[in-house]
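First the structure, in the form of C-alpha cells, and then the observations on it.
Predicted model, so just to flag it, every value in this text is computed and none were measured. Note: hydrogens, waters and symmetry copies are ignored here, and every other heavy atom, side chains too, is used.
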Amino acid sequence: MVADNKIYETVVWPYRLLGNLLLLGCIWLITLGVITFRHNLVSKQIDSLLSQIYQKTAVVGWGLDDVTLEGRVKTLKKDVLQVINLKRGDNILEIDLKEVCDKVKTLPWVKEASVSRRYFPNVIHISIREKEIKSIWQYKNEFYPIDEDGKIIETEYVPQKNVMQIIGEGAPEHFNELFKVVSKDKELYERLKAANYISGRRWNLIFDDVEKGITVKMPEEDFAAAWKKLVKLDKTKGILKRKLTFIDLRLKNKVIVRLNTAGESTEKK
C-alpha cells in the first residue's frame with residue numbers, strides 16, 4: 001500500500017506544479033489588468049483636469065498674445081505662422097515647444113531653430129538659423145541652391161552672380177569634398193566661378209568667368225594635392241593671371257596649358 005502511494009505521488013506532482021504555475025499566471029494577468037485599468041483611469045482624470053486648468057488659465061491671463069521671430073531673412077513670417085498653426089488666445093502653457101520647433105524645421109530655409117515662452121505679454125519666441133547657399137547646381141537647364149552640407153534647398157530661387165555654380169549629374173553629393181579643399185585658399189576660392197563634375201569621376205574648375213575664364217582640369221585622384229599645386233603655381237608663377245584657355249593637372253608630373261591666343265599647348269615638368 002505504501003508503495004502504491006509513492007507511485008501515485010510520483011505521477012501526480014508534475015500536474016500539481018503545472019496547476020500552480022497556471023494559477024499564478026492567471027493571478028498575474030488579473031493583477032496587471034487591474035493596474036492597467038486604474039492607470040488609464042488616472043491618466044484620463046489627469047488629462048481631463050489639465051484640460052480644465054488650461055481652459056481656465058487661458059481666460060484669466062495665460063492666452064497667447066503674439067509670436068515673435070528672430071534670425072529669418074529668406075523665411076517668410078506667413079510660412080512660419082502657417083506651419084506652427086498657433087492663434088491668439090491659445091493657452092501658452094499648453095503649447096508643446098518641441099512640436100513647434102519640429103514644425104519650423106520643416107521649412108526649406110531653416111537649418112536650426114529654438115522655441116521659448118516669454119510672459120507678460122505672453123509670447124512664443126522662435127529663433128531661426130537659416131541655411132547658407134554655397135553653390136548653385138545647374139542641371140538640365142534648371143538651377144537649384146545647395147547649402148553648406150551639399151544638400152538641395154527645396155525652394156524657388158533666382159541664381160546670383162556671386163555664387164559658385166556646380167554642373168553635372170552627382171555634383172551636389174560630392175560638393176562637400178570639393179568645398180573642404182578649395183575653401184582653404186580664400187583668394188583663389190573667391191575667383192572660382194564654376195565646377196563641372198565630369199562623368200561622375202572628377203572636376204573641371206572654371207576661374208574668373210563661367211564662359212571666358214580659365215578651365216583647370218583636375219585629376220580623378222589626389223584632388224587635394226592637385227589643388228595645392230595650383231595654388232603654388234599661381235602664387236609663384238601667376239599662372240591664373242595669364243591668357244590661357246585651360247590648365248591640365250591630370251598628369252602627376254606634368255602641367256599642360258593652352259594659350260588663349262595662339263591655341264597652342266605647352267608642357268611644364
Side-chain angles (χ1 to χ4, degrees), residues 108 111 131-155 157-269:
K111 182 176 180 63
K131 299 171 183 176
E132 294 183 29
I133 299 175
K134 291 300 182 182
S135 67
I136 301 297
W137 181 36
Q138 180 183 345
Y139 184 65
K140 294 183 178 180
N141 298 320
E142 297 290 339
F143 295 90
Y144 306 91
I146 304 297
D147 67 12
E148 58 267 42
D149 297 323
K151 296 180 180 178
I152 298 172
I153 303 173
E154 300 289 351
T155 185
Y157 179 73
V158 178
Q160 299 176 3
K161 291 183 179 180
N162 60 341
V163 180
M164 182 180 70
Q165 290 186 27
I166 57 175
I167 306 163
E169 189 171 353
E173 290 83 354
H174 294 83
F175 171 73
N176 265 350
E177 304 166 12
L178 170 75
F179 179 73
K180 286 179 183 177
V181 175
V182 300
S183 60
K184 291 179 180 178
D185 188 90
K186 185 177 179 181
E187 183 179 350
L188 217 57
Y189 172 67
E190 289 178 349
R191 295 177 60 188
L192 182 59
K193 301 304 178 184
N196 193 355
Y197 196 52
I198 307 295
S199 303
R201 297 184 296 107
R202 65 174 194 83
W203 294 94
N204 278 353
L205 307 181
I206 304 172
F207 290 85
D208 298 328
D209 188 277
V210 175
E211 296 180 357
K212 300 179 181 179
I214 300 174
T215 298
V216 180
K217 299 182 179 183
M218 303 295 283
E220 184 176 349
E221 299 179 355
D222 294 330
F223 179 91
W227 175 258
K228 287 181 180 178
K229 181 191 291 186
L230 180 64
V231 172
K232 184 177 180 180
L233 284 171
D234 191 56
K235 288 182 177 179
T236 58
K237 306 291 184 180
I239 195 169
L240 288 172
K241 296 179 179 67
R242 300 183 182 185
K243 294 182 178 181
L244 302 174
T245 301
F246 74 78
I247 302 169
D248 194 339
L249 298 178
R250 288 176 294 177
L251 299 177
K252 196 169 186 178
N253 298 318
K254 290 183 179 179
V255 177
I256 302 174
V257 300
R258 174 167 291 176
L259 298 175
N260 192 18
T261 51
E264 298 178 355
S265 61
T266 306
E267 291 188 7
K268 294 185 178 182
K269 294 186 179 180

Quiz item: Is it true that atom NZ of Lys228 has more than 12 heavy atoms of other residues, nucleotides or ligands lying nearer than 6.0 Å?
Solution: no
Test item: [X] side-chain N/O and [Y] main-chain N/O as donor-acceptor pair under 3.5 Å:
{"X": "Asp185", "Y": "Leu188", "answer": "yes"}
{"X": "Lys134", "Y": "Gly150", "answer": "no"}
{"X": "Asn196", "Y": "Ile198", "answer": "no"}
{"X": "Glu148", "Y": "Glu132", "answer": "yes"}
{"X": "Arg191", "Y": "Leu240", "answer": "yes"}

Which atom pair, heavy atoms only, marks the closest approach of [X] to [Y]?
{"X": "Gly168", "Y": "Pro172", "answer": "O-CD, 4.5 Å"}
{"X": "Thr155", "Y": "Pro145", "answer": "O-CD, 4.3 Å"}
{"X": "Tyr197", "Y": "Gly170", "answer": "CD2-C, 3.9 Å"}
{"X": "Glu154", "Y": "Pro108", "answer": "O-CB, 3.5 Å"}
{"X": "Leu178", "Y": "Ala195", "answer": "CD2-CB, 3.7 Å"}
{"X": "Asp147", "Y": "Phe175", "answer": "O-CE2, 4.2 Å"}

Rounded to the nearest 0.5 Å, how far apart are [atom1] of [X] and [atom2] of [Y]?
{"X": "Glu173", "Y": "Trp137", "atom1": "CD", "atom2": "CH2", "answer": "6.5 Å"}
{"X": "Leu244", "Y": "Phe207", "atom1": "CG", "atom2": "CZ", "answer": "12.0 Å"}
{"X": "Leu230", "Y": "Lys235", "atom1": "CG", "atom2": "NZ", "answer": "11.0 Å"}
{"X": "Ile136", "Y": "Met164", "atom1": "CD1", "atom2": "CE", "answer": "10.0 Å"}
{"X": "Leu233", "Y": "Arg242", "atom1": "CG", "atom2": "CZ", "answer": "9.0 Å"}
{"X": "Ile239", "Y": "Lys232", "atom1": "CD1", "atom2": "NZ", "answer": "13.0 Å"}

Practice problem: Assess whether side chain to side chain contact (heavy atoms under 4.5 Å, CB included) is satisfied between Ile206 and Glu211, documenting all intermediate values. | Solution: CA-CA 9 Å; Ile206 304 172; Glu211 296 180 357; over 6 Å; no
Report yes if the side chains of [X] and [Y] come closer than 4.5 Å at any heavy-atom pair, otherwise no.
{"X": "Val216", "Y": "Asn204", "result": "no"}
{"X": "Asp248", "Y": "Leu251", "result": "no"}
{"X": "Val255", "Y": "Leu249", "result": "yes"}
{"X": "Trp203", "Y": "Val182", "result": "no"}

Exercise. Go through the steps for Arg202 and Arg250 under the test side chain to side chain contact (heavy atoms under 4.5 Å, CB included), then give the verdict.
Key: CA-CA 10 Å; Arg202 65 174 194 83; Arg250 288 176 294 177; 3.7 Å; yes
Quiz item: When you look at Ile133 and Ile146, which way does the side chain to side chain contact (heavy atoms under 4.5 Å, CB included) test go after all the steps?
Solution: CA-CA 6 Å; Ile133 299 175; Ile146 304 297; over 6 Å; no
Quiz prompt | Distance flag, aromatic centroids of Phe179 and Tyr189, threshold under 6.0 Å | solution = yes
Exercise. Using a strict cut-off of less than 4.0 Å between a Lys/Arg side-chain nitrogen and an Asp/Glu carboxylate oxygen, indicate whether Asp149 and Lys111 qualify as a salt bridge.
Key: yes
